[in-house]
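Remarks on the structure that follows.
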Amino acid sequence: NYFEAMDKTTMEELESWSSSSPEEEGGYVSSEVFKMYALRLFYISSFGTTDEVILRRLHDDFKLWLNGFTALSTRRIPGSTFAKAMDARDRIL
């Protein structure tokens, strides 16, 4: 059930956030935690389950792809920000 999966995931995240020490995170929950939570909810609502390895890889590839928008060059030179972004886009698709 969609709502049960959403509720279960949200409760697990809240438990994780409440048990972590604020000093470890600089006194707040980083935006990366919220991004992973949103991605996890999307993945569960779409596929019914999560695979943390795939979620982490998708998150990292998405960040690389977004960095490509600020690249100074739009040529695919190996090792450049743009080339890394295009490689990440290919993995996402």
Side-chain angles (χ1 to χ4, degrees):
N1 185 331
Y2 173 78
F3 290 112
E4 289 175 6
M6 299 285 280
D7 185 52
K8 181 178 181 250
T9 302
T10 301
M11 294 305 291
E12 288 172 357
E13 289 292 325
L14 289 173
E15 285 178 26
S16 170
W17 296 345
S18 67
S19 65
S20 66
S21 172
E23 291 79 28
E24 295 171 6
E25 302 292 330
Y28 59 92
V29 178
S30 75
S31 64
E32 293 298 313
V33 173
F34 290 113
K35 290 175 190 174
M36 286 301 294
Y37 167 66
L39 187 58
R40 194 171 286 112
L41 284 180
F42 166 75
Y43 204 87
I44 286 176
S45 65
S46 299
F47 305 110
T49 185
T50 60
D51 183 341
E52 291 299 317
V53 173
I54 292 174
L55 284 177
R56 177 56 61 185
R57 190 177 316 141
L58 183 60
H59 173 264
D60 294 344
D61 282 343
F62 191 73
K63 282 176 53 176
L64 283 172
W65 179 64
L66 287 177
N67 285 337
F69 288 109
T70 61
L72 297 176
S73 171
T74 55
R75 295 193 185 270
R76 205 168 185 163
I77 301 167
S80 68
T81 301
F82 186 75
K84 290 177 185 176
M86 292 299 98
D87 292 342
R89 181 200 62 182
D90 294 343
R91 286 189 299 271
I92 290 170
L93 297 177

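Atoms considered below: every heavy atom in the structure, side chains included; atoms not considered: hydrogens, waters and symmetry mates. What you are looking at is a predicted structure, and each value in this text was computed from that prediction instead of being measured.
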With Glu32 via side-chain hydrogen bond (donor to acceptor under 3.5 Å, both in side chains) - residues at least two apart: Lys35, His59
side-chain hydrogen bond (donor to acceptor under 3.5 Å, both in side chains) partners of Arg91, counting only residues at least two apart: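 Partners of Arg91 under the side-chain hydrogen bond (donor to acceptor under 3.5 Å, both in side chains) test: Asp61.
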Could you tell me whether the side chain of [X] and the main chain of [Y] form a donor-acceptor pair under 3.5 Å?
{"X": "Thr70", "Y": "Asn67", "value": "yes"}
{"X": "Ser16", "Y": "Glu12", "value": "no"}
{"X": "Ser46", "Y": "Tyr43", "value": "no"}

Might you work through the side-chain contact (heavy atoms from CB on, under 4.5 Å) test for Leu41 and Met6, ending with a clear yes or no? CA-CA 6 Å; Leu41 284 180; Met6 299 285 280; 3.7 Å; yes
With a 4.0 Å cut-off on N to O distance, would you call Glu52 and Arg56 a salt bridge?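 Not counted as a salt bridge, because no side-chain N and carboxylate O are separated by less than 4.0 Å.
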Are [X] and [Y] joined in one hydrophobic group, where the rule is that I, L, V, M, F, W and Y side chains link up if heavy atoms are under 4.5 Å apart?
{"X": "Trp65", "Y": "Met36", "result": "yes"}
{"X": "Leu58", "Y": "Phe34", "result": "no"}
{"X": "Ile54", "Y": "Ile92", "result": "yes"}
{"X": "Val53", "Y": "Phe42", "result": "no"}
{"X": "Leu14", "Y": "Ile44", "result": "no"}

Could you tell me which non-hydrogen atom of [X] sits nearest to which non-hydrogen atom of [Y], and how far apart they are?
{"X": "Ala83", "Y": "Gly79", "result": "CB-N, 4.2 Å"}
{"X": "Ala85", "Y": "Leu64", "result": "CB-O, 3.4 Å"}
{"X": "Leu55", "Y": "Leu39", "result": "O-CD2, 3.4 Å"}

Greater than 12 external heavy atoms within 6.0 Å of Phe62's CZ: no
Test Phe82 against Leu72 for side-chain contact (heavy atoms from CB on, under 4.5 Å), laying out the working first. CA-CA 8 Å; Phe82 186 75; Leu72 297 176; over 6 Å; no
